[in-house]
*Asks:* 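Before we start, here is the structure in question, set down as structure tokens.
Protein chains get the first letters and strands the later ones, always in sequence-line order, with residue 1 at the start of each.
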Amino acid sequence: MSSNADGDSMPRAATAAVTATQTRPPRRGGGGLRGREGIAGWLFVSPMIVILGLFLVIPIVMALWVSLTDWNGSVNPFHTGPGAEFVGAKNYTDLFAKDGLTRANFMQSIGNTFWYVLFVVPIQTALALSLALLVNNRLLKAKSFFRTAFYFPSVTSSIAISTVFLFLFSSTGAVNALLKALGLGQPNWFIDDRGLIRLLFNAIGVDNPGWGQHDILGRSLWDWVSGPSVALTVIIILVVWTTSGTFMLMFIAALQDLPVEVDEAAALDGATGWKKLRHVTIPMIKPALFLVLTLGLIGTWQVFDQIYVMGAGAPNGTTLTPAFLSYQQSFKNFKYGSGAAMAFVVFVIILVLTFLQRRALTDKDERRPLFGRRKQVGR
Amino acid sequence: MNTRTSPLKQVLLYAALVLFAVFFIYPFFIQIATSFKTDPDAAAHPLSLIPNPFDAHAWKDIFGQGAAHVPAPTWIKNSVLVAVVVTCGRVFLDSLAGYALSRVKFRGRGFIFGALLAVMSVPGVALLIPKFLMVNYLGIYDTYTAMILPLIVDAAGVFIMKQFFDSVPISIEEAARMDGASIFRTFWSVVLPMARPALITLTILSFQGSWNEFSHFLVVTKGTPDHQTLVTGLASLTSGQLGAGTQYPLKLAAALLTTIPVAILFFSLQRYFVSGANEGGVKG
């Protein structure tokens with residue numbers, strides 16, 4: 001891939017230049033060098049430390065404090081008093097243990113996200129892999145045209161894309177026009193709060209059955225298993241559509257790293273098509289597959305922009321996500337403590353996912369530098 | 001070369017690819033066409049790529065000559081200002097820090113790098129309230145400073161630059177250092193010119209990132225036009241805060257305007273986008 005060609009040409013050019021200039025034997029600098037280097041090093045990283053410290057590390061500590069208060073946004077949050085009382089872990093227990101609107105909303109947002117992740121991650125991974133396999137076909141002409149077409153949605157603004165999808169899926173939009181032309185039903189996409197799994201049950205004549213009345217964390221089992229609402233499905237389609245291109249590129253990079261001999265050996269053994277994909281190709285690109293799956297898992301928990309534009313929780317809270325709910329709770333309902341507590345729960349979930357991913361990746365020694373010379377062994 | 005593939009397979013391959021290409025690209029064509037449609041035409045013929053009648057009212061609205069008031073010129077000005085300043089800042093400060101972490105020997109370097117990796121795993125959505133708290137505390141809420149300063153260094157960019165410098169042989173700089181150049185001088189006139197491919201990738205990622213940025217601006221500004229960018233302005237237009245109703249031609253035109261700069265960058269410097277995307281692999 002071009003990225004690697006760029007990376008490789010660099011060191012070579014540099015080495016050539018070095019052999020030309022380095023005629024004198026290398027000689028260590030004066031004794032003061034170490035000290036001067038120390039100062040220079042700290043100077044060079046100081047802007048980074050200041051900015052990341054000021055707008056990332058310290059703010060997290062501030063938010064941790066706020067999550068232990070009932071700050072309403074109008075007084076100084078760091079002076080305990082009316083409007084910013086210390087409430088201990090109340091904001092956290094309200095999310096899990098106390099029956100009420102906060103827990104109902106939060107649990108609904110968690111339920112929505114479970115379904116969202118369950119749909120988005122497998123579909124986008126399968127689509128990205130299919131696209132990569134198609135584009136990577138050796139006999140294909142116009143390879144870069146197709147790669148560009150599939151990747152382009154990934155680089156555009158999430159807000160702009162959401163606007164386009166709002167139009168496409170509106171009641172008089174392109175998707176419904178297409179469904180009409182095909183003689184199919186036309187859902188009211190953004191108003192329909194019925195879950196897909198619930199619709200399946202309805203189709204076989206089951207609606208809100210007795211076994212679905214169990215209460216789990218303030219929601220009935222029936223609510224938990226209802227599946228993503230029709231409205232959330234639009235967001236699922238949108239996200240799959242925008243992220244598949246990026247993941248396709250990762251798969252292409254992995255496929256191009258496969259040695260040609262593997263292909264030939266597979267052909268000799270008579271493995272073709274589906275068999276070859278299952279028993280040869282996929283095992284060989286396992287690291288990339290793992291990477292795409294975990295990046296997908298981490299990314300799906302963070303969905304925010306699309307929700308903000310495409311429903312803001314409506315209809316009936318079925319497009320709420322924890323990230324959006326945290327924003328809404330803070331900036332619209334002025335319950336910053338509660339909002340911050342939600343944000344920390346999301347934070348912990350994503351941190352655990354990231355940690356698992358990093359551990360698995362480093363164990364397998366599969367991290368490779370972006371611009372470095374590509375390791376030939378084991379790929 | 002495998003020449004045994006049947007013509008039928010070839011046809012199927014291309015058919016699948018074309019189908020997918022339509023799936024990925026057609027929405028953009030619909031977007032462009034609809035931005036030149038009248039409101040009734042947009043609702044009546046949503047799939048058509050030919051505006052009938054051709055109508056530029058959406059674009060007139062955007063550039064201040066139409067009936068609806070859309071402060072797009074202000075949005076554009078803010079978007080350009082923020083994206084340019086953030087991009088310049090990131091390219092310089094990220095490579096400065098990346099270089100130090102890769103090359104300059106100083107006490108605490110390992111710790112700083114470890115902290116950087118930790119910081120990289122902090123999800124952006126968990127930072128909305130924290131950022132708002134700090135911006136409020138510093139008294140810079142609803143200012144350009146609040147929009148720009150928190151974005152001006154990014155951990156992922158520093159990481160990319162460090163990785164890049166790790167892959168470049170050290171000898172050429174040693175030669176410069178021996179000729180008596182200071183560390184900064186070596187960095188500025190020897191190292192940076194060599195780092196062109198990495199710098200271009202970083203420039204693109206930074207521009208794209210800050211141009212498309214949404215949630216950060218959402219929490220550090222009031223949402224009044226004077227500090228709205230194209231993206232936050234479009235979001236308020238789309239979520240109906242400007243009383244725009246269903247005026248899809250107008251909304252799609254504004255969305256198109258938001259997409260164009262990144263699209264131009266993408267089509268002209270595509271290979272650098274590709275290396276940027278694969279960087280996601282190490283970003284975690």
Side-chain angles (χ1 to χ4, degrees), chain A residues 2-3 6 11 14-15 17-18 21-22 37-38 40-42 44-45 47-48 51-52 55-56 59-60 62-63 134 137 139 146 149-150 153 155-157 159-160 163-164 167 172-174 177 246 249-250 253 291 302 304-305 309 323 327 330 339-340 343 346-347 350 354 358 369-372, chain B residues 5 17 21 24-25 27 30-31 43 46-47 93 96-97 100 104-106 112 119 121 123 125-126 128-131 133-134 150 152-153 158 163-164 167-169 171-172 175 183 194 197-198 212 214-215 231 234-235 238-239 248 251 255 258-259 262 266 271 274-275 277-279 281-282 284:
Chain A
S2 54
S3 65
D6 296 333
T15 328
V18 167
T21 47
Q22 203 178 45
E37 262 201 50
W42 279 100
F44 278 26
V45 294
M48 173 186 84
I51 297 296
L52 294 182
F55 293 105
L56 210 148
I60 290 177
M62 291 166 105
L134 285 174
N137 193 304
L139 300 172
F146 288 112
F150 302 153
V155 301
T156 55
S157 145
I159 301 293
T163 306
V164 175
F167 173 66
T172 58
T246 310
L249 290 184
M250 291 178 191
L291 183 71
Q302 301 207 44
F304 178 83
D305 299 7
V309 177
Y327 165 82
S330 309
V346 180
F347 190 4
I350 295 174
T354 311
R358 279 195 181 164
L370 171 55
F371 295 97
Chain B
T5 312
L17 281 164
F24 278 98
I25 291 302
I30 291 183
Q31 182 187 12
L47 273 172
L93 297 174
L96 200 61
V104 186
K105 296 184 186 68
F106 62 97
I112 299 281
V119 157
S121 60
V125 288
L128 298 183
I129 299 166
K131 274 184 187 165
L133 289 173
M134 180 52 99
I152 209 151
V153 176
V158 174
Q163 292 283 90
F164 173 76
S167 74
V168 177
S171 11
I172 182 163
I183 295 183
M194 288 193 325
N212 290 344
F214 174 66
S215 54
V231 169
L234 173 66
T238 304
S239 51
Y248 280 115
K251 291 175 184 172
T258 310
T259 310
V262 177
F266 174 67
R271 59 202 191 110
V274 172
S275 52
N278 283 329
E279 168 264 345
V282 281

*Asks:* With side chain to side chain contact (heavy atoms under 4.5 Å, CB included) as the test, would you mind laying out the steps for Phe214(B) and Phe304(A) before giving the verdict?
*Replies:* CA-CA 10 Å; Phe214(B) 174 66; Phe304(A) 178 83; 4.1 Å; yes
*Asks:* Under 4.5 Å heavy-atom distance to chain A, tell me which part of Ile112(B) shows up: side chain, backbone, both or neither.
*Replies:* side chain
*Asks:* Could you look at Leu133(B) and say if it's the side chain, the backbone, both or neither that has a heavy atom under 4.5 Å from chain A?
*Replies:* both
*Asks:* Which atoms form the tightest heavy-atom contact between Ala160(A) and Ala255(B), and what is the distance?
*Replies:* CB-O, 3.7 Å
*Asks:* In terms of heavy-atom pairs under 4.5 Å with chain A, which of Leu234(B), Leu93(B), Val262(B), Thr259(B) leads?
*Replies:* Leu234(B)
*Asks:* State, with a plain yes or no, whether a side-chain heavy atom of Tyr327(A) is found less than 4.5 Å away from one of Val125(B).
*Replies:* no
*Asks:* Examine whether an atom of Ser330(A) lies under 4.5 Å from a heavy atom of chain B, and if so say whether it belongs to the side chain, the backbone or both; otherwise answer neither.
*Replies:* side chain
*Asks:* Using a 4.5 Å cut-off on heavy atoms from C-beta on, say whether the side chain of Phe150(A) contacts that of Leu17(B).
*Replies:* yes
*Asks:* How far apart are the closest heavy atoms of Glu37(A) and Ile183(B), and which atoms are they?
*Replies:* CG-CD1, 3.4 Å
*Asks:* Under 4.5 Å heavy-atom distance to chain B, tell me which part of Ile51(A) shows up: side chain, backbone, both or neither.
*Replies:* side chain
*Asks:* Output yes when a side-chain donor or acceptor of Gln31(B) lies under 3.5 Å from a complementary backbone atom of Val164(A), and no otherwise.
*Replies:* no
*Asks:* Heavy atoms, side chains only, cut-off 4.5 Å: are Thr163(A) and Tyr248(B) in contact?
*Replies:* no
*Asks:* Output the option from Gly173(A), Ala323(A), Ala174(A), Pro47(A) having the highest count of non-hydrogen pairs under 4.5 Å with chain B.
*Replies:* Ala174(A)
*Asks:* Specify which of Pro27(B), Pro123(B), Ala21(B), Ala100(B) makes the most heavy-atom pairs with chain A at under 4.5 Å.
*Replies:* Pro123(B)
*Asks:* Can you tell which part of Leu134(A) gets under 4.5 Å to a heavy atom of chain B, answering side chain, backbone, both or neither?
*Replies:* both
*Asks:* Who among Ala340(A), Ala40(A), Pro153(A), Ala343(A) has the most heavy-atom pairs with chain B under 4.5 Å?
*Replies:* Pro153(A)
*Asks:* With chain A, which of Ser215(B), Ala97(B), Pro150(B) has the greatest number of heavy-atom pairs at distances under 4.5 Å?
*Replies:* Pro150(B)
*Asks:* If you take all heavy atoms of Ala177(A) and Leu47(B), which pair is closest and at what distance?
*Replies:* CB-CD1, 3.9 Å
*Asks:* Does any backbone or side-chain atom of Phe167(A) lie under 4.5 Å from a heavy atom of chain B? Answer side chain, backbone, both or neither.
*Replies:* both
*Asks:* Give a yes or no on whether the backbone of Ala235(B) and the side-chain of Thr238(B) come within a donor-acceptor separation of less than 3.5 Å.
*Replies:* no
*Asks:* Can you tell me which portion of Phe146(A) sits under 4.5 Å from chain B's heavy atoms? Options are side chain, backbone, both or neither.
*Replies:* side chain
*Asks:* Quick check on Val158(B) against chain A: is it the side chain, the backbone, both or neither that has a heavy atom closer than 4.5 Å?
*Replies:* side chain
*Asks:* Which atoms of Leu52(A) come close to chain B, meaning under 4.5 Å heavy atom to heavy atom: side chain ones, backbone ones, both, or neither?
*Replies:* side chain
